[in-house]
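As the structure is a computational prediction, the values presented were derived from the model and not from experiment. Note: hydrogens, waters and symmetry copies are ignored here, and every other heavy atom, side chains too, is used. Chain A is the first sequence line, chain B the second, and so forth, proteins listed ahead of strands; every chain is numbered from 1.
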Protein chains: 2
Amino acid sequence: MTEERRPFVSARTVAERAGVSRSAVSRTFTDGASVSEETRRKVLEAAGELGYHVNHLARGLRERSNIVCLVVADMTTPIRARLIDVLTRKLQAAGKVTMVINTGTDEQSVASAMRQTLNYRADATVFLSGTPSAKLIETSLANGQQVVLINRDDPLTGCHNLGVDNEMAGREAFFLLRRAGCTRLALVTSTAHTASLIERERVFVAVAEAAGLPVAVMAAGPTTYASGYESARRLFGRSDGPDGVFCVTDLLALGFMDAARHEFGLTLPDQLCLVGFDDIEEGAWESYKLTTFAQPFAEMGDHVVDLLAAPVPVIPGRRIFQPVPIWRKSIRASAL
Amino acid sequence: MTEERRPFVSARTVAERAGVSRSAVSRTFTDGASVSEETRRKVLEAAGELGYHVNHLARGLRERSNIVCLVVADMTTPIRARLIDVLTRKLQAAGKVTMVINTGTDEQSVASAMRQTLNYRADATVFLSGTPSAKLIETSLANGQQVVLINRDDPLTGCHNLGVDNEMAGREAFFLLRRAGCTRLALVTSTAHTASLIERERVFVAVAEAAGLPVAVMAAGPTTYASGYESARRLFGRSDGPDGVFCVTDLLALGFMDAARHEFGLTLPDQLCLVGFDDIEEGAWESYKLTTFAQPFAEMGDHVVDLLAAPVPVIPGRRIFQPVPIWRKSIRASAL
DNA sequence: AAGATGCTTGCACACAAGTGCAATTCCATC
DNA sequence: GATGGAATTGCACTTGTGTGCAAGCATCTT
């Protein structure tokens, strides 16, 4: 019956047991500090017996906390999961520790996430979803925090900004479909008006119309499989369904593909060519084989670590990464 | 050019600005403390102007840190992502904050994860993957930490233990396949010998053999789509492929299904009946419609929060959750 | 009006670390 | 053996917070 919570063992306890001063314990666990081999041995022995662990919270009181906050909504989305995985692993390797804050995308809950971040003295905050207002970022910067936005292209000054080349993707997607001989084009997007989605849509439509091909634009809901499915139902429910479609997200594309096949009996790539974006694992599965653009997650993760682990603060700016086209079978071979 | 990192604003700065003592500031942000309406107003005003945020690290020096560590490997796996999502959301709602530690499953990296956990004075550690050794858990408990294991059925004393009823799942999976009239049974598992997977396998095989039906067991690699795919290639490469298969994981099942269809031209559920486990979203997609068992994530999340947010420490023990059968079309209707 | 009561407030300490400074110890050299 | 110098050690202060204690002050009661 342990009624009382046993406290964490502190440096003082270790010092008493080892018969040295508390400073000696502190120095034993500090690189480059001056301790004799003898006392070091005694301290390490006592620490081992007691199960002592340096308190990083107390350490963080004086200097950097080495905490990085990750603000995310929709963690279950495959791309989000991938990003979180990459970031946590790389940050950890760089000696940082990550706090994950699961939030909605609305202004209100982003603000509360931001407060958490400050409460725990995070050195930096990385936003994977949801865009903080300029005022919130101001507060963070005033507190010496760094802010990193990933795939949120909003022009907020003072924060680091990573994005992919959506213009290239939109343009390339069109050329892929045209080279495959598609004439009735459509674009499927979501009702969540994220900057990067809008950009892909804008460029795709602009390039297509410049080439004399009109584009049917469809948005049936959030960025999910179900929305893609529903979009296909609506588009093929009309008299002349499309024969070339760019879905701004793989998840939308997979839903779209399933509806096209199972509801309307279409075969890919003969009757329908499809291009996605993100390169989620599911797109490579045998049932889909989706042609898409891969986000260079590893590179992006490395860059975030470079930004946050740099000895001197990096000047904030925008860095664009090139998505990599992934050729699979959802587009006719003539496209090559 | 901000050469120097601006420091976080502390309670002292706020106190000076508001013309009160530092204690007054502290009390303003502490529920139930005695402050006059007048000073409270002054403090809040000054805090607002300076952008003050209570330092939870310093607060955590005295009492509970309210930090919970989540130790995970393979975050990109759909189930893991779901679990992390549920847990972070619920813990957050309960006033906790979660640190995610992304690790391998080997003893070595689990130990280092455990150390991180202690370094940051986490109140509790939740293991989603990887099992810590008894000695490590001992250390955690000695430091007053709580340890929660999810789906790791190893009999470690002193820690909370959540699991699903694998026995029921294994048994039920067999009955489903038998009622569907399957006679050539197979079980697909992974080479990662997790306790819960082993248990499902053990029961399924035992019940089937007790009923006079032998089971071909196949494990081609880790718990992935690719392993499931490879398992199907091997099983159907033989003379008499199975007509009823239990995959101990949905991801394995989807890979298996794709290989069966695309490599061997089999149709489900006529020529092959398939049952999975986990109920990942992808299994509900139109291309798969996999019959499976759902892990009750929401309930499990609630239970974890109950354990960790309880005012008095809960006595550690094992709690079993009932998986819920999800009927889809990968099994013949006669099974109903 | 005097005393009692209750609300505020500030001081000082605790928490667990790192570190500058001065004192001490140790060793080698003259 | 004395002296110089380097290495080690401990004291005391710092970080930002919460809180017990006692003093201060206003209000109420008799």
When you check the phosphate oxygens OP1 and OP2 of dT9(C), does a side-chain N or O of Ser36(B) lie under 4.0 Å from one of them? yes

Does Arg27(B) make a side-chain donor-acceptor contact with the base of dG10(C), cut-off 3.5 Å? yes

Which value, rounded to the nearest 0.5 Å, describes the distance between Arg59(A) atom CZ and Asn119(B) atom CG? 7.5 Å

Considering just the side-chain nitrogens and oxygens of Ser26(A), establish if one lies under 4.0 Å of OP1 or OP2 belonging to dG18(C). yes

Are there more than 12 heavy atoms of other residues, nucleotides or ligands under 6.0 Å from atom CZ of Arg319(A)? yes

Ser34(B) side chain near dT8(C) phosphate (N/O to OP1/OP2, under 4.0 Å): yes

Want to settle it: does Arg121(B) or Ala24(B) sit nearer the 5' end of DNA chain C, counting the closest nucleotide to each? Ala24(B)

Please round to the nearest 0.5 Å and tell me the distance separating atom CD1 of Ile67(B) and atom CD of Gln145(B). 10.5 Å

Grab the CD-P distance between Glu16(A) and dA16(C) for me, whole Å please. 12 Å

Regarding dG16(D), can its base be found pairing with the side chain of Arg62(A) as donor and acceptor, where the two atoms are less than 3.5 Å apart? no

Between atom CG in Asn119(A) and atom C1' in dG16(D), what is the gap in whole Å? 13 Å

Report the distance from atom CZ of Arg12(B) to atom C1' of dT17(D), rounded to the nearest whole Å. 13 Å

Whole-Å distance, His56(B) NE2 to dG18(D) C1', equals 13 Å

Start at the 5' end of DNA chain C and walk down; is the nucleotide closest to Val20(B) or to His53(A) reached first? Val20(B)

Test side-chain contact (heavy atoms from CB on, under 4.5 Å) on Phe297(A) and Ile79(A); report intermediate values, then the result. CA-CA 9 Å; Phe297(A) 289 115; Ile79(A) 7 163; 3.2 Å; yes

Do Phe29(B) and Tyr52(B) have ring centres separated by under 6.0 Å? yes

Rounded to whole angstroms, how far apart are CD on Glu37(A) and C1' on dT9(D)? 16 Å

Applying a 4.0 Å non-hydrogen cut-off, can you work out what Thr30(A) is touching in the nucleic acid: base, sugar-phosphate, or nothing? sugar-phosphate

Arg22(A) CZ to dT14(D) P, straight-line distance once rounded to whole Å: 15 Å

If you only use heavy atoms from C-beta on, which nucleotide in dT19(C), dG18(D), dG10(C) is closest to the side chain of Ser21(B)? dG10(C)

Can you find a donor-acceptor pair, distance only, under 3.5 Å between Ser10(A) side chain and dC15(C) base? no

In this structure, how many angstroms lie between the C1' atom of dA14(C) and the CZ atom of Arg59(B), rounded? 16 Å

Rounded to whole Å, CG of Leu57(A) lies from P of dG18(C) at a distance of 13 Å

Does a side chain donor of either Ser36(A) or Thr39(A) reach within less than 3.5 Å of an acceptor in the other side chain? yes

Tell me whether the OP1 or OP2 atom of dA17(C) has a side-chain N or O from Tyr52(A) closer than 4.0 Å. yes

Which is true for Val25(B) with a 4.0 Å heavy-atom rule: it touches a base, it touches only sugar-phosphate, or it touches nothing? nothing

Looking only at N and O atoms, is any donor in the side chain of Ser23(A) or the base of dC11(D) less than 3.5 Å from an acceptor on the other one? yes

